[in-house]
Amino acid sequence: MITKEALQFLEDLIANNNTEWMHANKKRYENYKKDYHSYIATVLAEMKPLDKTLETLEVKNCTFRINRDIRFSKDKSPYKTNMGIWFTQNKNSKNSPGYYIHFEKGNSFIAGGVCCPEPDQLKRIRKEIEFFHDDLEKIVNDKTFKKEFSAITHDDSNSLKNAPKGFDPNHPAIEFLKLKSFTASQKVDDEIFTVPDFSKKIAQKLMALKPMNDFLKRALETED
């Protein structure tokens, strides 16, 4: 579970998102960071036996910096006020499939898959779907996947209007082929993060994504 002190730190940061406050609360931030890393270790210990591709991951592979990249943002707040954790199936490959946990007051969720793959990666995934769409359809129609995540995220911002170049517009899996990212998510209540056995519960929920991640990993590692 995430400690009350860590959650309070994030809540206070929302109201005081500036460098002066952060410098004055350096000790609190250091304690928050320890709690953050400890929590990752706890979840990772639950995840590794369930997905062997995660065995080489260390806590440092799953963290995010608290500093925001504000170069191209209208919001110049210097710090993130959420807690994010990323478990990738291949730490040596950019955009490898994985699992994500996000705590943010009023906007907490869990998710997984591949977000915004590079053009060559996207082509590999689409090729895998073109020839093995039955495998993907079986995965997303599985009762456990549907119960936890309902469906692969499919909205106007994540889908082309027309078939991608080089693919048959009448392909039976054309709606999958139009996708630009391959993710699924589930909103969760903030309170669940403070439940003592949360790490175990969240690991079990995330494992509903493993077949989809394995399919995507297979696609990305297929030789041309």
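These values consider heavy atoms only, across backbone and side chains, with no hydrogens, waters or symmetry-generated copies.
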Open item on the list: Under a 4.0 Å threshold between the charged nitrogen and the carboxylate oxygen, would Lys205 count as salt-bridged to Glu148?
Closed with: yes

TODO: Specify the closest pair of heavy atoms between Glu137 and Ala173, including all atoms of both residues, with the distance to one decimal.
DONE: OE2-CB, 4.1 Å

TODO: For Asn31 and Glu5, test the side chains for any donor-to-acceptor distance below 3.5 angstrom and give the result as yes or no.
DONE: no

TODO: Tell me, with the steps shown, if Tyr36 and Ile85 meet side-chain contact (heavy atoms from CB on, under 4.5 Å).
DONE: CA-CA 9 Å; Tyr36 174 39; Ile85 305 172; 4.0 Å; yes

TODO: Would you kindly confirm whether Ile70 and Ile14 end up in one hydrophobic cluster when ILVMFWY residues are joined by side chain heavy atoms under 4.5 Å apart?
DONE: no

Task: Closest contact, heavy atoms only, Asn95 versus Leu220 - done: O-CD1, 3.8 Å

Open item on the list: Whether the Asn158 and Thr153 side chains hold a donor-acceptor pair (N or O, under 3.5 Å, no angle test) is what I'd like checked.
Closed with: no

Open item on the list: Quick check on the 6.0 Å ring-centre criterion: do Tyr99 and Phe87 meet it?
Closed with: no

Open item on the list: Minimum heavy-atom separation for Phe145 and Ile139, please, with both atom names.
Closed with: CB-O, 3.6 Å

Open item on the list: I'd like to know whether Asp75 forms a side chain to side chain donor-acceptor pair (under 3.5 Å) with Ser73, so could you lay out the CA-CA distance, the side-chain angles of the two residues, the decisive distance to 0.1 Å, and finally the verdict.
Closed with: CA-CA 5 Å; Asp75 179 3; Ser73 175; 5.4 Å; no

Task: Short side-chain donor-acceptor distance under 3.5 Å, Ser157 and Asp155 - done: yes

Open item on the list: Between Lys147 and Asp142 (salt bridge meaning N to carboxylate O under 4.0 Å), is one present in this structure?
Closed with: no

Open item on the list: Quick check with a 6.0 Å cut-off and a 45 degree axis cone: is Lys127 positioned over the face of Phe167's six-membered ring?
Closed with: yes

TODO: Using modelled atom types only, decide if a donor and an acceptor are shared between the side chain of Lys80 and the backbone of Arg65 within a distance under 3.5 Å.
DONE: yes

Open item on the list: Quick check: do Phe182 and Met212 have side-chain heavy atoms less than 4.5 Å from each other?
Closed with: no

- [ ] Measure up the His133 and His171 rings against each other and bin them: parallel (under 30°), tilted (30 to 60°), perpendicular (over 60°).
- [x] perpendicular

Task: Non-hydrogen atoms of Thr144 and Ala208 that approach each other most closely - done: CG2-CB, 3.9 Å

Open item on the list: Could you check whether any side-chain N or O of Ser159 sits under 3.5 Å from a backbone N or O of Asp156, counting only pairs where one atom can act as donor and the other as acceptor?
Closed with: no

Task: Donor-acceptor contact below 3.5 Å, side chain Asp69 vs main chain Arg71 - done: yes

Open item on the list: Please check: side-chain N/O of Ser108 versus main-chain N/O of Glu104, any donor-acceptor pairing under 3.5 Å?
Closed with: yes

Open item on the list: Test side-chain contact (heavy atoms from CB on, under 4.5 Å) on Asn162 and Lys178; report intermediate values, then the result.
Closed with: CA-CA 7 Å; Asn162 301 309; Lys178 288 180 181 178; 5.8 Å; no

- [ ] Could you tell me whether the side chain of Arg126 and the main chain of Leu177 form a donor-acceptor pair under 3.5 Å?
- [x] yes

- [ ] Could you pull out all residues at least two apart from Lys180 that satisfy side-chain hydrogen bond (donor to acceptor under 3.5 Å, both in side chains)?
- [x] none

Task: More than 12 heavy atoms from other groups under 6.0 Å of NZ on Lys27 - done: no

TODO: Test Tyr79 against Thr19 for side-chain contact (heavy atoms from CB on, under 4.5 Å), laying out the working first.
DONE: CA-CA 8 Å; Tyr79 305 110; Thr19 55; 3.4 Å; yes

Open item on the list: To check you understand the geometry: which heavy-atom pair defines the closest contact between Ala151 and Ala184, and what is its length?
Closed with: O-CB, 3.7 Å

Task: Test item: Thr81 and Glu11 side chains (from C-beta on) under 4.5 Å apart, heavy atoms - done: no

- [ ] Decide whether a cation-pi geometry holds between Arg218 and Phe132; the criteria are a distance under 6.0 Å from NZ or CZ to the six-membered ring centre and an angle within 45° of the ring axis.
- [x] yes

Open item on the list: Using only atom types and a distance under 3.5 Å, with no angle test, would you say the side chain of Asp168 pairs donor to acceptor with the backbone of Asn170?
Closed with: yes

Task: ring-ring contact (aromatic ring centres under 6.0 Å, His included) pairs, two or more places apart, involving residues 104-130 - done: Tyr100-Phe109, His102-Phe109

Task: Side-chain heavy-atom pair Thr3, Tyr32 within 4.5 angstrom cut-off - done: no

- [ ] Check whether any side-chain heavy atom of Leu50 lies under 4.5 Å from a side-chain heavy atom of Lys210, and answer yes or no.
- [x] no

- [ ] Please tell me if the side chains of Glu30 and Lys33 come closer than 4.5 Å, counting only heavy atoms from C-beta onward.
- [x] no

TODO: Using distance alone, with no hydrogens and no angle criterion, decide if Gln89 and Asn213 have a side-chain donor and acceptor under 3.5 Å apart.
DONE: no

Task: Check ion pair Lys217-Glu221 (N to O, under 4.0 angstrom) - done: yes

TODO: Please examine the side chains of Ile40 and Thr63, heavy atoms only from C-beta on, and report whether any two atoms are closer than 4.5 Å.
DONE: yes

Task: Minimum heavy-atom distance Ala111-Ser185, with the two atoms named - done: CB-CB, 3.7 Å

TODO: Salt-bridge test for Asp12 and Arg28: reply yes if a basic N is under 4.0 Å from a carboxylate O, no otherwise.
DONE: yes

Open item on the list: If you apply the rule side-chain contact (heavy atoms from CB on, under 4.5 Å), what do you find for Thr183 with Val114, and how did you get there?
Closed with: CA-CA 6 Å; Thr183 62; Val114 174; 5.8 Å; no

TODO: Measure the spacing between NZ of Lys76 and CG of Asn17 and express it to the nearest 0.5 Å.
DONE: 13.5 Å

TODO: Would you confirm whether Asn90, through its side chain, and Ser96, through its main-chain N or O, come within 3.5 Å as a donor-acceptor pair?
DONE: no

